[in-house]
Amino acid sequence: MLMVLACMFLGSLSVVPPGKNPVDMAPAIDPTYYLHRTLPQTPIPVPFGLRMNTTAPPSGQTETTLQFNKGTNYYWYSDLLTPGCAASGTWTFHVWADTATTLSTLDVHLDLTSSSGGNIRSIGAFIGKTINALTPTLYTISITGSGIGLQTNDRFRLTLLPEGGGANDSHMNIIYDGYGSEAVGSETRLSTTVSFTNCSLNLRVRNWSLTDTIAGALVYKDSQIQVSSSNGWANWTSVGGIVQIKVQYFGYWVNGTFPVTLDSNKTLDIRANIYNITVTVRPANQEGVLQSVNVTAYNSTQYGSSSKIATGITDANGRVSFQDVPNGTMFFASYAKLDYSILISESSQTVSSNGQSISLIADQNAGTTTLPWEVFFIASFVLAPKPTTPDIAAKRKTET
């Protein structure tokens with residue numbers, strides 16, 4: 001089970017729409033959008049407009065001319081965009097145009113819209129570009145754009161408005177989508193150097209009870225890996241789109257893979273399947289408990305220092321608490337001595353819930369001395385009356 005808690009910033013976890021794959025959706029990284037005479041990618045947005053995308057017109061295609069009537073808006077919509085973030089920056093609109101007699105004035109607006117054409121968010125505009133050429137001429141218009149966040153299935157919308165009134169002609173012409181007056185590299189197009197992979201992603205790994213942050217976990221963002229810091233953080237900058245997140249701890253996957261949609265800066269807590277558990281050690285006849293036993297959990301079926309997850313000494317009730325143990329099947333061993341020299345139990349057990357209790361039965365001795373555990377047990381440095389003699393025998397304590 002996984003819970004992701006959004007801590008700050010706008011936006012929620014989103015997934016790719018049904019039938020869509022992130023790689024099939026239009027990129028929005030330093031784009032150049034060419035104006036076309038075809039209909040927009042479905043669903044067709046409202047109000048009516050034409051399509052622009054990052055595909056240049058075929059080299060053998062003859063350009064077309066669209067006559068603009070003054071006071072009428074003309075729209076071009078991009079294909080559906082992947083999520084992303086952008087700081088403010090300059091957009092450049094290159095347009096081949098002419099006017100019927102002496103003067104036309106063109107206003108240019110650039111917005112973000114939803115796939116249907118709604119939810120309009122302004123990026124920038126240039127008002128009052130004078131078009132005074134009587135033959136097709138290339139005009140360059142710079143638009144100062146604001147910082148934006150792209151949501152799943154957003155579109156760019158380019159709006160061209162020939163102003164009416166005063167000395168403006170009744171119409172002007174836009175030439176686009178092919179070659180004639182246009183040449184390769186100087187088509188009618190919208191471009192920018194703004195990158196839309198400018199989101200930041202900050203992930204903090206926490207245990208199931210949300211009381212601890214987890215250091216040393218492997219945090220995956222797609223194929224990239226970071227080790228969580230001493231306070232549990234893994235941080236990325238200059239990212240965008242929909243990324244897949246998962247976490248590994250001591251070799252165990254401690255959460256399912258989940259998507260994060262980067263349409264804004266995101267800071268998230270990952271509530272991982274990392275639990276607090278209690279281990280109780282009992283003698284072979286399971287009557288009473290064993291005090292001062294060294295209990296260690298390992299992350300494999302082989303025990304050794306390199307695979308150690310947690311270690312501790314049983315208390316007066318024969319119990320030891322382990323904090324921040326990953327879910328999964330692990331290897332528990334208990335020892336009569338602090339130096340791990342006398343093994344008295346070993347068991348593979350599965351940790352699957354917070355607060356889980358695990359019992360170990362001290363029914364073996366892997367050391368060189370045979371110990372009658374049904375009569376007594378080995379005390380550790382903690383309980384020994386003389387610290388220099390850790391192997392003093394002590395009576396079994398009845399469990400309380």
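Sequence positions, counted from 1, serve as the residue numbers for this chain.
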Can you check whether [Y]'s main-chain N or O pairs, donor with acceptor, with [X]'s side chain at less than 3.5 Å?
X	Y	result
Asn255	Val247	yes
Asn294	Ile313	no
Asn285	Glu287	yes
Glu187	Gly185	yes
Thr137	Thr135	yes
Gln356	Ser353	yes
Gln67	Ile174	no
Thr192	Val194	yes
Ser228	Trp233	no
Asn173	Asp98	no

Please name the pair of heavy atoms, one in [X] and one in [Y], separated by the smallest distance, quoted to 0.1 Å.
X	Y	result
Thr99	Ser104	OG1-OG, 2.8 Å
Ala97	Met172	CB-CE, 4.1 Å
Met52	Leu190	CE-CD2, 4.1 Å
Gly149	Leu112	O-CD1, 3.8 Å
Phe322	Gly312	CE2-N, 3.6 Å
Arg204	Thr213	CD-CG2, 3.7 Å

side-chain contact (heavy atoms from CB on, under 4.5 Å) between Val279 and Phe332, worked out: CA-CA 9 Å; Val279 180; Phe332 290 88; 4.1 Å; yes

Plane angle bin for Trp208 and Tyr275 - parallel if under 30°, tilted between 30 and 60°, otherwise perpendicular: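 Rings of Tyr275 and Trp208: perpendicular, over 60°.
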
Quick one: do the [X] and [Y] side chains pair a donor with an acceptor below 3.5 Å?
X	Y	value
Asp263	Thr261	no
Thr32	Ser191	no
Thr267	Asn202	yes
Thr329	Gln349	no
Ser352	Thr350	no
Ser341	Asp339	yes

With rounding to the nearest 0.5 Å, note down the distance linking [atom1] in [X] to [atom2] in [Y].
X	Y	atom1	atom2	answer
Tyr176	Thr188	OH	OG1	9.5 Å
Leu160	Thr72	CG	OG1	12.0 Å
Leu138	Trp96	CG	CH2	5.0 Å
Ser116	Arg155	OG	CZ	8.5 Å
Ser345	Arg282	OG	CZ	12.5 Å
Leu106	Phe93	CG	CZ	7.0 Å

Sole candidate of Val227, Val205, Ile214 that passes side-chain contact (heavy atoms from CB on, under 4.5 Å) when paired with Val219: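 Among Val227, Val205, Ile214, the one meeting side-chain contact (heavy atoms from CB on, under 4.5 Å) with Val219 is Val205.
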
Residue among Asp177, Asp79, Thr38 satisfying side-chain hydrogen bond (donor to acceptor under 3.5 Å, both in side chains) with Arg51: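 Of the listed residues Asp177, Asp79, Thr38, the side-chain hydrogen bond (donor to acceptor under 3.5 Å, both in side chains) partner of Arg51 is Asp79.
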
Worked verdict on Tyr75 versus Phe48 for ring-ring contact (aromatic ring centres under 6.0 Å, His included): CA-CA 7 Å; Tyr75 301 100; Phe48 174 82; 9.2 Å; no

With heavy-atom distances below 4.5 Å as the criterion, would you say the side chains of [X] and [Y] are in contact?
X	Y	answer
Ile358	Thr278	no
Arg206	Arg271	no
Leu35	Arg37	no
Val295	Thr314	yes
Tyr74	Asn69	yes
His36	Pro57	yes

Any residue meeting ring pair (Phe, Tyr, Trp, His ring centres under 6.0 Å) with Tyr220, in chain and number order, not counting sequence neighbours: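 If we apply the ring pair (Phe, Tyr, Trp, His ring centres under 6.0 Å) test to Tyr220, skipping adjacent residues, the hits are Trp253.
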
For Arg189, salt bridge (Lys or Arg N to Asp or Glu O under 4.0 Å) partners two or more places apart: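 With sequence neighbours excluded, Arg189 shows a salt bridge (Lys or Arg N to Asp or Glu O under 4.0 Å) to no residue whatsoever.
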
Establish whether [X] and [Y] are linked, either directly or via other cluster members, by ILVMFWY side-chain heavy-atom contacts under 4.5 Å.
X	Y	result
Val239	Ile245	yes
Tyr335	Ile361	no
Leu218	Ile309	no
Leu268	Ile274	yes
Leu158	Phe126	yes

Chi angles and distances behind the side-chain contact (heavy atoms from CB on, under 4.5 Å) call for Leu201, Leu262: CA-CA 8 Å; Leu201 176 62; Leu262 292 166; 4.1 Å; yes

side-chain contact (heavy atoms from CB on, under 4.5 Å) assessment of Ser146 paired with Ile148: CA-CA 6 Å; Ser146 60; Ile148 54 174; 4.2 Å; yes

Derivation of the side-chain contact (heavy atoms from CB on, under 4.5 Å) call for Val108 and Lys129: CA-CA 8 Å; Val108 181; Lys129 179 65 176 180; 5.7 Å; no

Cation over ring face, Arg157 and Trp76, 6.0 Å, 45°: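 Judged by the rule, Arg157 and Trp76 form no cation-pi pair.
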
Candidate pair Phe156 and Tyr33, rule ring-ring contact (aromatic ring centres under 6.0 Å, His included), full reasoning: CA-CA 10 Å; Phe156 293 124; Tyr33 288 94; 5.5 Å; yes

